[in-house]
Amino acid sequence: MEQFKPNSRPPRKERSERSPREFRPYQEKRAPREEASFREERAPREKRTEGGDLKSEIIYGKNPVTELLKSGTGVDTVLLSDGLAPAVASYYTAMAKDVGAVVKRVNPNKLRAMTGTESHQGVAAFASEISYATLDDLLNIAKEKGEPPFLVLSDGIEDPHNLGAVIRSALLCGAHGVVIPKRGGAAVTPTVIKSSAGAAERLPVARVANIAETIRRLKDEGVFVYCADMDGTSLKKTNLTGAVALVLGSEGSGVSQLVKKRCDGAVRLDMAAPGTGVDSFNVSVAAGIILYEIMTQRG
């Protein structure tokens with residue numbers, strides 16, 4: 001029988017000889033309930049930077065993230081753990097889509113590293129530190145400049161890159177501000193800031209509860225409201241001088257029927273390649289063309 005010296009290491013056992021306890025996979029220890037509850041009540045936030053110079057905060061825990069999504073604050077990204085129950089994941093995915101946030105599935109260990117705790121409950125979100133203007137603010141800006149109001153309204157633009165490009169064109173074409181909905185469209189997030197090349201930090205953006213009601217308010221203020229629609233009048237044949245607002249619809253369905261009915265008219269872009277299967281411009285491209293025409297007509 002082989003002898004072992006006191007300080008020598010015994011020979012390595014073969015895999016088949018080892019006890020099953022030695023192969024038990026690593027399991028993360030769950031944080032005590034008291035700690036998770038304490039963190040939830042404090043709505044934990046940690047500073048992060050996401051795209052550009054705009055600061056973001058990471059919020060974690062089911063209740064804090066739920067309240068954040070309901071609050072209307074700018075949310076860029078919602079992070080969901082791969083191990084989250086399907087029903088819970090669907091719930092947060094639907095809420096994120098409603099406010100225009102991107103959803104990313106991540107490994108629990110990565111989520112733990114990003115939040116700095118094991119009590120993240122599988123849910124986290126990046127919240128932007130931004131301040132929205134009001135509709136009155138935008139109208140007052142035009143008044144202070146001695147110019148008729150020129151506004152751009154988003155009726156559900158979902159892609160943050162498209163919204164950023166629209167804001168950039170609005171700034172360069174002389175608009176006094178952009179109006180976006182609190183629900184059903186992209187918010188001004190770090191991604192929007194980056195896509196706008198910083199324009200979203202220079203041009204005021206108002207966030208309203210109802211775009212259709214906002215149109216009614218603008219019309220009461222003497223602003224003519226037009227929407228971009230394929231069934232509208234040719235852009236070149238439309239008088240866009242004076243106080244004017246342009247409504248841009250979502251990438252998939254365009255301007256909603258209710259909003260379209262509230263508008264004073266609709267404008268369309270003529271195309272040189274009919275019958276190709278490509279029947280419309282990208283919303284941000286269309287916005288650039290129409291806004292430039294408005295700037296030209298306004299002189």
Legend entry - Nearest heavy atoms of Ala170 and Leu203, plus distance in Å: CB-CD2, 3.7 Å
Legend entry - Shortest non-hydrogen contact between Met95 and Thr66, atoms and distance: CE-O, 3.7 Å
Inset, instruction - Assess whether salt bridge (charged side-chain N to carboxylate O under 4.0 Å, His left out) is satisfied between Lys260 and Asp229, documenting all intermediate values. - result: CA-CA 9 Å; Lys260 191 183 299 185; Asp229 187 78; 3.0 Å; yes
Legend entry - Any side-chain donor near an acceptor of the partner, Thr93 and Ser90, under 3.5 Å: no
Inset, instruction - Compute whether any side-chain donor of one residue and acceptor of the other, for Thr134 and Asp136, lie under 3.5 angstrom apart. - result: no
Test your reading of the model: is there a side-chain donor-acceptor pair from [X] to the backbone of [Y], 3.5 Å cut-off?
X      : Y      : answer
Arg216 : Ile211 : no
Asp155 : Ser256 : yes
Glu201 : Ser196 : no
Tyr60  : Val65  : no
Glu251 : Glu158 : yes
Asp264 : Val225 : yes
Arg268 : Met230 : no
Arg262 : Ala212 : yes
His176 : Pro149 : no
Arg298 : Leu240 : no

Inset, instruction - Check step by step if side chain to side chain contact (heavy atoms under 4.5 Å, CB included) holds for Ile215 and Cys263. - result: CA-CA 7 Å; Ile215 292 174; Cys263 292; 4.1 Å; yes
Legend entry - Chi angles and distances behind the side chain to side chain contact (heavy atoms under 4.5 Å, CB included) call for Val78, Leu80: CA-CA 7 Å; Val78 174; Leu80 302 178; 3.9 Å; yes
Inset, instruction - Evaluate the criterion side chain to side chain contact (heavy atoms under 4.5 Å, CB included) for residue pair Arg183 and Val99; output intermediate values, then yes/no. - result: CA-CA 5 Å; Arg183 292 287 183 269; Val99 299; 3.7 Å; yes
Inset, instruction - Apply side chain to side chain contact (heavy atoms under 4.5 Å, CB included) to the pair Leu235 and Asp270, showing each step before the final yes or no. - result: CA-CA 8 Å; Leu235 178 63; Asp270 297 321; over 6 Å; no
Legend entry - Linked, directly or transitively: Val259 and Val267 (ILVMFWY side chains, under 4.5 Å): no
Legend entry - Transitive ILVMFWY side-chain link Phe281 to Val166, under 4.5 Å: yes
Inset, instruction - Could you please spell out the steps behind the side-chain hydrogen bond (donor to acceptor under 3.5 Å, both in side chains) verdict for Thr115 and Thr117? - result: CA-CA 5 Å; Thr115 60; Thr117 178; 5.6 Å; no
Inset, instruction - Go through the steps to decide whether Tyr292 and Ser169 satisfy the test side-chain hydrogen bond (donor to acceptor under 3.5 Å, both in side chains), and finish with yes or no. - result: CA-CA 8 Å; Tyr292 189 83; Ser169 294; over 6 Å; no
